[in-house]
Amino acid sequence: MAFVSDLDQITRAAAGDPSAVAWLVDRYSPGVISLATRMLGDRMEAEDVTQETFLRAWKALPGWEPRAKFSTWLHRVALNLCYDILRKRRESLPGELPEMTDPDLTPPERLMQSERVRAIEEAIAALPERQAAALTLCALQGHSQAEAAEIMETSEEALESLLARARRSLRATLAERSVA
Amino acid sequence: MKDPMNKSVLSDERIFDLIGAYGADPSAFPEAEQAAAARRIAAAPGLFAAALEEARRLDSLLDMVPEVDVPASLRDSLLASAPKQKKASRFEGGFGRFLPSWLPAGAVASLVMGVLIGVNVSLPASVASAETNTTDEADAVMYAALGFGDYELMSETTE
């Protein structure tokens with residue numbers, strides 16, 4: 001199959017070519033919804049973020065200038081939408097912290113895999129937002145340090161620090177919940 | 001920093017930092033440091049064993065986190081919200097694409113001229129005669145411009 005660049009597809013999608021539009025959606029919506037789901041811990045809100053991210057992308061396509069990678073731009077928009085939602089949550093629930101310890105958790109040997117997964121997902125979503133973003137982009141989605149730093153509009157050094165803190169915090173939380 | 005073989009070397013402290021941030025797999029480290037880190041870890045496995053084991057446990061938990069599927073309904077809605085292809089007008093499609101772009105303007109001009117001529121020709125005789133002096137000259141110019149050289153003949157026959 002011939003290599004087709006993002007820019008080709010963007011140009012065609014901007015002109016309304018349905019196959020280019022489908023290509024962009026299929027290539028990038030999984031990453032966007034995954035990032036939003038991990039950040040927000042809520043599927044419906046993650047879908048809303050994905051929808052809004054693509055609406056903004058469609059508006060941006062006609063004047064698209066390939067200064068940034070489309071993927072980076074898209075993830076950055078999604079991340080900023082997630083930050084907005086998390087900020088509103090904090091404002092509507094001042095002082096309320098997420099429940100981290102479930103006294104009814106079953107012992108680790110009886111913990112089903114799905115429960116372990118849920119515990120990990122909850123622990124990621126409960127991380128400070130920039131730590132959760134760094135961990136999701138690098139450890140779960142496989143973005144390079146440079147890409148993740150660009151998406152988060154930070155330096156690679158700062159990203160590394162966020163990742164180290166995220167992993168330490170996650171390890172402590174999961175150990176507390178007998179998952180790790 | 002380089003070793004005697006001119007290869008980059010990393011401090012042990014830096015390697016602990018890398019493991020702490022990126023996990024146990026050196027391929028997840030920043031590209032520029034991967035090779036040097038892998039060499040140092042291989043050279044002193046005992047030194048990094050505990051840190052690697054701890055990182056590996058967390059890596060395996062993170063690997064359990066599934067990909068998030070895009071629901072079909074969301075995909076449909078993303079596609080529906082995308083830019084739509086402009087429908088080609090009838091003039092642009094088919095035979096029309098071989099015609100010059102100024103043709104519609106020409107057609108409108110012809111229509112206007114035609115209406116003017118029609119109005120002039122069909123004016124009642126009394127009105128026409130009253131206006132004959134003022135309009136004959138203008139009509140002659142207009143008909144000449146349209147390529148009707150026999151305007152005078154036409155007006156004579158209608159009278």
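Lettering follows sequence order; numbering is per chain, from 1.
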Within this structure, what is the CD-CD distance for the pair A:Gln141 and B:Glu67, rounded to the nearest 0.5 Å?
8.5 Å

To the closest 0.5 Å, what do you measure between SG (A:Cys138) and CG (B:Leu62)?
11.5 Å

Hey, is CD on B:Glu53 packed in by over 12 heavy atoms from elsewhere, all under 6.0 Å?
yes

Measuring heavy-atom distances to chain B, does A:Leu162 have an atom under 4.5 Å in its side chain, in its backbone, in both, or in neither?
neither

Can you tell which part of A:Glu121 gets under 4.5 Å to a heavy atom of chain B, answering side chain, backbone, both or neither?
side chain

Is A:Gln145 reaching over with its side chain to a backbone N or O of B:Ala28, donor-acceptor style, under 3.5 angstrom?
yes

Check for a donor-acceptor pair, side chain of A:Arg171 on one end and backbone N or O of B:Leu58 on the other, with a separation under 3.5 Å.
no

A:Ser29 to B:Leu78 - nearest heavy-atom pair and separation:
CB-CD1, 3.8 Å

Minimum heavy-atom separation for A:Ala14 and B:Pro83, please, with both atom names.
O-CB, 4.1 Å

Answer with side chain, backbone, both or neither: which region of B:Asp63 has an atom nearer than 4.5 Å to a non-hydrogen atom of chain A?
neither

When the 4.5 angstrom heavy-atom criterion is applied to B:Tyr22 and chain A, the contacting part is both

According to a 4.5 Å side-chain heavy-atom criterion applied to Ile, Leu, Val, Met, Phe, Trp and Tyr, with indirect links allowed, do A:Leu55 and B:Leu74 form part of one hydrophobic cluster?
no

Presence of salt bridge, A:Arg43 and B:Asp69, under 4.0 angstrom
no

